[in-house]
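See structure below.
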Amino acid sequence: MTAPPLDRKAALLAMLAEIELDLDYDAIDTSGFEPDLQGWGDQDPIFDYVIRHFHPVVILELGSWKGASAIRMAELLRDYNIPGLVLCIDTWLGSNESLWRVAENRRMLRLRNGYPDMFGQFVRNIQHSGHQQRIRHLPMTTGCAAGLLAAYNIVPDAIYIDAGHDEAEVAADIAGFWSLLKPGGIMFGDDYTTQWPGTVRAVNRFVADQGLKLMGTEVKWLVRKPEA
Ligand SMILES: C[S@@+](CC[C@H](N)C(=O)[O-])C[C@H]1O[C@@H](n2cnc3c(N)ncnc32)[C@H](O)[C@@H]1O
């Protein structure tokens with residue numbers, strides 16, 4: 001049986017404390033960074049749909065970049081008075097080849113001595129958003145995060161997938177996190193478009209294999225895990 005939402009949120013916070021990630025974002029020095037909420041599709045109606053209809057308390061986001069979509073979800077948690085938490089899973093290394101290939105995106109990685117320095121941008125945006133209590137972060141690959149969260153028996157209500165966009169990456173993220181999702185939980189993601197055929201193929205294959213109903217908006221996909 002799945003534990004009540006607030007207990008599952010408490011378990012996640014306890015895990016973060018144990019691995020020394022219970023930081024006070026306001027205590028982090030982000031001098032040199034100005035708020036910059038550039039992102040992709042964070043105003044899509046799917047966020048409102050998921051949060052208004054399903055009231056998720058434990059939300060995982062795979063791929064957060066500067067935090068725009070996580071902050072959007074945090075805003076909705078506030079607006080609907082849901083005591084939820086968004087856990088942002090990202091390397092903050094732009095682990096997505098197009099983010100390196102496209103010069104404009106590469107600049108946003110803020111390379112310093114040949115290494116990305118964009119985590120400060122994420123934190124600056126969280127500070128500016130006022131949602132410090134609704135957002136936490138896990139700075140690692142999604143594969144590593146799936147193993148860690150499983151080891152701590154973390155059970156999310158909703159999972160938003162927007163990390164690597166190759167077919168194999170999306171397929172691995174879907175498969176790796178599906179088993180964590182609570183029965184009846186929501187998995188959704190970005191870039192279900194012709195521009196990202198790998199995402200479309202991975203989602204289509206998973207939906208067909210599992211016999212799920214695919215929903216979504218123009219660019220986002222969504223499935224609901226069957227109740228046990
Ligand atoms: C498209 S951006 C996320 C955009 C964000 N959701 C938004 O709407 O603003 C993709 C992010 O995924 C991260 N990423 C890609 N592959 C990853 C992986 N395997 N593990 C962790 N993070 C990854 C990148 O570092 C990048 O920040």
Side-chain angles (χ1 to χ4, degrees), residues 21 33 35-51 59-76 86-102 104-112 115-126 128-129 131 134-150 156 158-177 180 186-193 195-200 202-203 216-222:
L21 282 176
F33 292 93
D36 167 15
L37 275 176
Q38 174 274 333
W40 292 273
D42 50 282
Q43 296 304 313
D44 190 282
I46 203 152
F47 295 110
D48 182 77
Y49 172 75
V50 169
I51 292 177
I59 303 175
L60 307 184
E61 175 174 82
L62 280 52
S64 295
W65 188 244
K66 300 178 190 175
S69 44
I71 289 170
R72 176 67 186 138
M73 290 192 269
E75 280 170 2
L76 290 160
V86 183
L87 180 68
C88 295
I89 300 164
D90 202 306
T91 56
W92 283 281
L93 295 176
S95 327
N96 181 332
E97 51 87 21
S98 78
L99 296 175
W100 283 86
R101 222 172 354 98
V102 178
E104 190 192 342
N105 292 336
R106 194 169 54 248
R107 264 196 304 281
M108 294 191 279
L109 292 170
R110 299 178 68 126
L111 293 181
R112 196 151 56 110
Y115 201 79
D117 186 29
M118 70 172 312
F119 180 64
Q121 183 66 67
F122 169 81
V123 176
R124 180 70 193 93
N125 290 338
I126 304 305
H128 180 70
S129 73
H131 293 297
R134 297 187 179 90
I135 293 179
R136 291 290 180 277
H137 72 282
L138 209 46
M140 58 186 68
T141 63
T142 53
C144 177
L148 181 72
L149 294 165
I159 302 174
Y160 179 60
I161 298 188
D162 191 19
H165 282 44
D166 286 352
E167 180 175 355
E169 292 176 305
V170 178
D173 284 344
I174 294 174
F177 283 83
L180 299 182
I186 297 298
M187 180 174 273
F188 63 125
D190 199 18
D191 295 313
Y192 187 83
T193 67
Q195 207 195 332
W196 295 102
T199 300
V200 174
V203 170
T217 60
E218 226 171 282
V219 291
K220 313 268 190 200
W221 59 273
L222 181 150

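Hydrogens, waters and symmetry mates are skipped; everything else that's a heavy atom, side chains included, is used. Ligands are counted one by one from 1 in listed order, and the atoms in each one are counted from 1 as well.
Proximity of Ser64 to ligand 1, defined as any heavy-atom pair under 4.0 Å, is confined to the backbone N, CA, C and O atoms.
For ligand 1 and Thr141, the ligand atoms under 4.0 Å from any heavy atom of the residue are 20 (N), 21 (C). The distance from ligand 1 to the heavy atoms of Trp40 drops below 4.0 Å at these ligand atoms: 1 (C), 2 (S), 4 (C), 7 (C), 8 (O), 9 (O). Counting the atoms of ligand 1 from 1 in the order shown, those under 4.0 Å from a heavy atom of Gly63 are 3 (C), 5 (C), 6 (N), 11 (C), 12 (O). Taking every non-hydrogen atom of Gly39 and a distance limit under 4.0 Å, the qualifying atoms of ligand 1 come out as 9 (O).
A side-chain donor from one of Asp44 and Thr217 sits under 3.5 Å from a side-chain acceptor of the other. In summary, the side chains of Lys66 and Gln38 do present a donor paired with an acceptor at a separation below 3.5 Å, with no hydrogens or angles considered.
No donor-acceptor pair under 3.5 Å is formed between the side chain of Trp100 and the backbone N or O of Arg106. Of the possible donor and acceptor atoms, one in the side chain of Asp90 sits under 3.5 Å from a partner among the backbone N and O of Ser64.
For atom 22 (N) of ligand 1, the nearest non-hydrogen atom of the protein is Thr91 N, 3.4 Å. Closest to atom 10 (C) of ligand 1, if we only count protein heavy atoms, is Asp162 O, 3.2 Å. Nearest non-hydrogen protein atom to atom 23 (C) of ligand 1 is Ala163 CB, 3.9 Å. The protein non-hydrogen atom at the shortest distance from atom 16 (N) of ligand 1 is Ser95 O, 2.8 Å.
Ligand 1 has no nitrogen or oxygen under 3.5 angstrom from a nitrogen or oxygen of Lys66. For Gln38, no nitrogen or oxygen atom sits less than 3.5 Å from a nitrogen or oxygen atom of ligand 1, counting backbone and side chain alike. Between His165 and ligand 1, not a single N/O pair is under 3.5 Å apart. The N/O atoms of Ser69, backbone and side chain alike, include one that comes under 3.5 Å of an N/O atom in ligand 1. Below 3.5 Å of separation, one finds no N or O of Gly67 facing any N or O of ligand 1.
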Next on the checklist: Could you go through Thr199 and Asp191, starting from their C-alpha distance and side-chain angles, then the distance that decides it, and tell me whether this counts as side chain to side chain donor-acceptor pair (under 3.5 Å)?
Outcome noted: CA-CA 7 Å; Thr199 300; Asp191 295 313; 6.0 Å; no
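For Glu169, the closest heavy-atom approach to ligand 1 does not fall below 4.0 Å. By the 4.0 Å heavy-atom criterion, Leu99 is counted among the residues contacting ligand 1. In this structure, Thr142 has a heavy atom closer than 4.0 Å to ligand 1.
The two residues Pro156 and Leu180 make their nearest non-hydrogen contact at CD-O, 3.2 Å.
In summary, Glu75 and Arg72 engage in a salt bridge, as defined by a charged side-chain N under 4.0 Å from a carboxylate O. Taking 4.0 Å as the cut-off between side-chain N and carboxylate O, Arg112 and Asp117 count as a salt-bridged pair.
For atom 24 (C) of ligand 1, the nearest non-hydrogen atom from the set Leu138, Asp90, Asp190, Asp191 comes from Asp90. Counting heavy atoms only, Met140 comes closest to atom 21 (C) of ligand 1 of the residues Met140, Arg72, Met108.
Within the 4.5 Å cutoff, side-chain heavy atoms of Ser98 are placed close to those of Trp196. A 4.5 Å side-chain heavy-atom check between Tyr160 and Val86 finds every atom pair outside the cut-off.
Residues passing the salt bridge (charged side-chain N to carboxylate O under 4.0 Å, His left out) test with Arg101, sequence neighbours excluded: Glu97.
Shown here is Gln43, whose CD atom has more than 12 heavy atoms of other residues, nucleotides or ligands within 6.0 Å.
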